[in-house]
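The structure under discussion appears below in the form of structure tokens.
Chain A is the first sequence line, chain B the second, and so forth, proteins listed ahead of strands; every chain is numbered from 1.
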There are 2 protein chains.
Amino acid sequence: MGKGERTRAAILDQALAVTSTEGVTGLTIGTLADRLGMSKSGLFAHFGSKELLQQAVLEHALALFTERVLRPAVARPRGLPRVETFFDGWIVWIREGVPPGGCPLETAAKELDDKPGPLRDLVARTHGQLIDFATDLARRAVAEGHLRRDLDAELFAFEMTGIAFGFSHMHRMMRHPGAERLARTAFAALLDRSRPT
Amino acid sequence: MGKGERTRAAILDQALAVTSTEGVTGLTIGTLADRLGMSKSGLFAHFGSKELLQQAVLEHALALFTERVLRPAVARPRGLPRVETFFDGWIVWIREGVPPGGCPLETAAKELDDKPGPLRDLVARTHGQLIDFATDLARRAVAEGHLRRDLDAELFAFEMTGIAFGFSHMHRMMRHPGAERLARTAFAALLDRSRPT
């Protein structure tokens, strides 16, 4: 990594911290420059515009999620182990608050749902890839004989997503002490009813 | 309703529209005054501070949700009819975008999860009441003999919430044409496995 890339990566880490508490629409060149003690013109040189900075930070969050949640899943044997590792990684991602203020992609989905533009497109595309990933894992678990042949893989992915979002809400917003138990119990029951009979 | 109350209600409707797209943290006395063509001092006279305005708009959203989703449910016979009407009302609330930019209480949960203070407390309390309401409906459906005696009512409410949040995400953010089918199928399956055997 050259000096320029290292600087860019350090800036993006700070930008991610801002975004995870303030939201991506709260991330501006000005607020980030203040936080980094850099000049606004220096930041412009790296990102070109507020919109490109916002895109870059969401792509940075996606790269982190890929590294911590998706990659460990695909490193496991095909079928059920990948499904279980993916769900577990997602729960840990939400629980540990990586980044600390919660997943900026999840918050961005709420911030941007009624704001057409390239940033919304990026978030929608990213979430679409996540759901496709989950659906594909379920389909492969069917092919391996780990889940039942007549499973609706799209419905399985929808239910898994709902459990993760419900967990995020009960854990991060409500600080409900039983949130993780509820999420893991619901997921175990989803797996149970999806197994071959 | 006196003139003061009517003015306050009209202001809150506009404030709700701002909040549903900009988030509650994007709602300020200044932006709302611009939108209403009112003076900032006039708005201060009604609400006292930005924080009190933000609280008032979230309470206004809760009053709307109560009127459109909770009240029709409790108007139905005890037990399963209330559970079904509540879920249906929630789906319609999300689908129709009431208010148009999506539920400000749902967005606020993401905006505020790491921002301690009275506004966060208000949102957490409101969501806690919603989950208690759902849990209580499930318990009463058990008491009526509509759902099975060993049902975990808290888990039922968690799963129902997850389906609603999953629907909100797939419908509002992803514009997925099958979102409502998935949500209704998942809920029907939740009811099926919760019935007495």
Heavy-atom pairs under 4.5 Å with chain B, option from A:H169, A:E159, A:E154, A:M174 with the top count: A:H169
A:L12-A:L52 co-clustered via ILVMFWY side chain contacts under 4.5 Å: no
Best-contacting candidate, A:G23, A:G166, A:S168, against chain B by heavy atom pairs under 4.5 angstrom: A:G166
Proximity of residues 181-197 of chain B to chain A, residues having a non-hydrogen atom under 4.5 angstrom: B:R181, B:L182, B:A183, B:T185, B:A186, B:R193
Pairs meeting criterion salt bridge (charged side-chain N to carboxylate O under 4.0 Å, His left out) with involvement of residues 25-43 of chain B, two or more places apart: none
Approximate separation, where rounding is to 0.5 Å, of A:F158 CZ and B:M170 CE: 7.0 Å
Identified salt bridge (Lys or Arg N to Asp or Glu O under 4.0 Å) counterpart of A:K110 within the set B:E111, B:E22, B:E106: B:E106
Heavy-atom pairs under 4.5 Å with chain A, option from B:A164, B:C103, B:A109 with the top count: B:A109
Largest heavy-atom contact set with chain B, pairs under 4.5 Å, which of A:D152, A:T107, A:T161, A:L112: A:T107
Per-residue contacts, residues 113-139 of chain B versus chain A, heavy atoms under 4.5 Å: B:D113, B:D114, B:K115, B:R120, B:V123, B:A124, B:H127, B:G128, B:I131
Residues of residues 56-87 of chain B within contact distance of chain A, non-hydrogen under 4.5 Å: none
